[in-house]
Number of protein chains: 2
Amino acid sequence: MGTVGKAIFLLELFTAEEPEHGLSELARKAAFDKATTRRLLVSLATGGMVEQDAESRRYRLGAGLSRLARIREMHFPFLKVTVPVARGLAQETGETIHVSEYSAGALATVHVELSARANRVNVDVGQLLPLHGTASGIAFLAFSRPTVMEACMRRAMAAFTPYTVTAPDALMTAVQAAAARGYSRSDQGYEEGVSSVAAPILGVDGCAIGTLAIASPLSRIDDTIAEAHGRAAIDAAREISARLSGEPVAAALERAS
Amino acid sequence: MGTVGKAIFLLELFTAEEPEHGLSELARKAAFDKATTRRLLVSLATGGMVEQDAESRRYRLGAGLSRLARIREMHFPFLKVTVPVARGLAQETGETIHVSEYSAGALATVHVELSARANRVNVDVGQLLPLHGTASGIAFLAFSRPTVMEACMRRAMAAFTPYTVTAPDALMTAVQAAAARGYSRSDQGYEEGVSSVAAPILGVDGCAIGTLAIASPLSRIDDTIAEAHGRAAIDAAREISARLSGEPVAAALERAS
DNA sequence: AAACATGAGTTCAAATAATGAACCGACAAG
DNA sequence: CTTGTCGGTTCATTATTTGAACTCATGTTT
């Protein structure tokens, strides 16, 4: 791993649950030397990617990230397009909706609309979802270039629950089913007691760039409901894809009609 | 500059106006060797910080940035708190409001509410504002630790217009005036024909962490209006500071009364 | 209160990773 | 057919990163 890779690795240690870290703690978690870790952090800090609390000396993600993310969002308004659609779908289905974007071999959760019900699935914004073993991942693979699928197969597939699909041919079957139906389904593949369906968000070239998923407690799901959720996910994801590909006039007319 | 610094430097070349770049173009702009540039870009891409368009081979900012920014925003909801306040102030004043956060020796514009009027000031999200020479910068300096001021003075101060304050003692005077009044004012210091006032957003330790500014065409501004804008900026910035410092109960009661 | 543990941050010789000139193949314009 | 530009690659040279050992400060246990 190059120096830049290490710096990024450090950034990835900051999560929704653990948004602040001390120096030694980071060095331990990353398995880097303390001196190395510190040099990387100083470099990141001078670039605004992390900040150090003046008194506690702990590090957290920096404002430079917000800035760059906003520049990206200006040019490619993923959130702006996604949030209203996800919100509508959450209302409609009463379940938790999460939207993710492909990033560096995984799906990065960029928005979550939590179900209003007491018994609901919780997903954290910022969480990285593996391509195998989540409904989102399967849906993504089903609409990716073959190279993405191959790269995924080559890597070791971790089992998150006893139900996780880890066998290459089983994964292939699931992906093909998703490609045929237009949506994927995964029961307890990533977390026990959770059933999800997901549909791909497509880029201008027709390949998946992200996914939209509906996650429900298993107890509320049967095949009929899952099918309905799947179709709803497809519609919502299509809506997002269309708006991202900038069909301003056609879509506006369609929605108005 | 270390390797990590160079990688971040590359990221900073992506702006709202130029959100995509080819390899040679980036190498030229950064004054790095093409091979070096490419290696950095590959590292950044495998970390999700940039993406490469599959067909045009051009690079743009990556989804990993959105992910990290969302994690930060979860923990420190700058935008969530800022946006409604800025929107209200924009309605109230009819002028463009921009909010920035301190990052790596400058102020990063993280949100903009454009005036509804035809003749208005335009500011880009993601733009970096220098500490000297903008109303935001002066307001920030006026409520910073002395070390920040010193660091700013040491660096060369660029003149953006004939009106930009570049002399250290003149800057000092402006900063002291801002500290006394609670808001700063700058006429045409950064762009000709623009008059701005700004107030600091304060962290828990009482030091500035960002600013809120009201930017108007010079033609609409006189001393009375500027004063009124200044007071409005202070109130809005205080509101943001308070909510960020998490005074949920007290503030809710106060607002309710 | 003395010993101990852990934290942040620093140093410098040794080792590793970054560098850049030259190169390739592809494409477009003159 | 030449010329220029583009994205991308190679490899010997060079400069940067590395990490064990070291402060110094703070907090904890006996």
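It should be emphasised that the depicted structure is a prediction, and the values quoted were computed from it without experimental measurement.
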Take B:E18 and B:K29 through the test salt bridge (charged side-chain N to carboxylate O under 4.0 Å, His left out) and record every step on the way to the result. CA-CA 12 Å; B:E18 299 190 89; B:K29 286 188 172 150; 3.1 Å; yes

Residues from residues 45-65 of chain A lying under 4.0 Å of DNA chain C - heavy atoms: A:Q52, A:R57, A:Y59

More than 12 non-hydrogen atoms from neighbouring residues, nucleotides or ligands closer than 6.0 Å to CD on B:E191, yes or no? no

Can you tell me the distance, in whole Å, between the CG atom of B:L41 and the C1' atom of D:dG7? 11 Å

Pair B:E51 + A:R72: basic N to acidic O under 4.0 Å: yes

Using nucleotides 14-17 of chain C, report all nitrogen or oxygen pairs with the protein that are shorter than 3.5 Å.
none

What's the spacing between B:M74 CE and A:L61 CG if we round to 0.5 Å? 13.0 Å

Could you pick out which residue, A:V4 or A:E25, lies toward the 5' side of DNA chain C when each is mapped onto its nearest nucleotide? A:E25

For A:L212 against A:I240, the heavy-atom pair lying closest together: CD1-CD1, 3.8 Å

So does A:S24 get a side-chain nitrogen or oxygen closer than 4.0 Å to the phosphate oxygens (OP1/OP2) of C:dA8? yes

Answer with yes or no after comparing the ring centroid distance for A:Y190 and A:H132 against a 6.0 Å cut-off, counting only values under it. no

Using a 6.0 Å cut-off, check whether atom CZ of B:R238 has over 12 heavy atoms from anything other than its own residue. no

Nearest-Å distance, CG (A:L26) to C1' (C:dG7)? 13 Å

Residues 133-152 of chain A, side-chain donor-acceptor partners within the protein, below 3.5 Å, at least two apart:
from	atom 1	to	atom 2	distance (Å)
A:T134	OG1	A:P130	O	3.0
A:T134	OG1	A:G137	N	2.9
A:S136	OG	A:T211	OG1	3.2
A:S144	OG	A:F140	O	2.6
A:R145	NH2	A:D205	OD2	2.6

Can you check whether A:R39 has a side-chain N or O nearer than 4.0 Å to OP1 or OP2 of C:dT11? no

Are the side chains of A:L131 and A:Y102 in touch, meaning some heavy atoms are under 4.5 Å apart? yes

Using salt bridge (Lys or Arg N to Asp or Glu O under 4.0 Å) as the criterion, list what pairs up with A:E192, not counting sequence neighbours. none

B:F32 CZ to C:dA18 C1': how many Å, rounded? 12 Å

Ion pair present between B:E101 and A:R70, side-chain N to carboxylate O less than 4.0 angstrom? no

Inspect the contact between A:E25 and A:R58 and indicate whether a charged nitrogen and a carboxylate oxygen are less than 4.0 angstrom apart. yes

Using five base pairs at each end to define the local axes, how bent is the helix from C:dA1-D:dT30 to C:dG30-D:dC1, to the nearest 10°? 30°

Of the non-hydrogen atoms in A:V165 and A:L171, which two are nearest, and what is the gap between them? CG1-N, 3.4 Å

Distances under 3.5 Å only, N/O to N/O: pair up the protein atoms with those of nucleotides 9-13 of chain D.
from	atom 1	to	atom 2	distance (Å)
D:dT9	OP2	B:R38	NE	2.8
D:dT9	OP2	B:R38	NH2	2.1

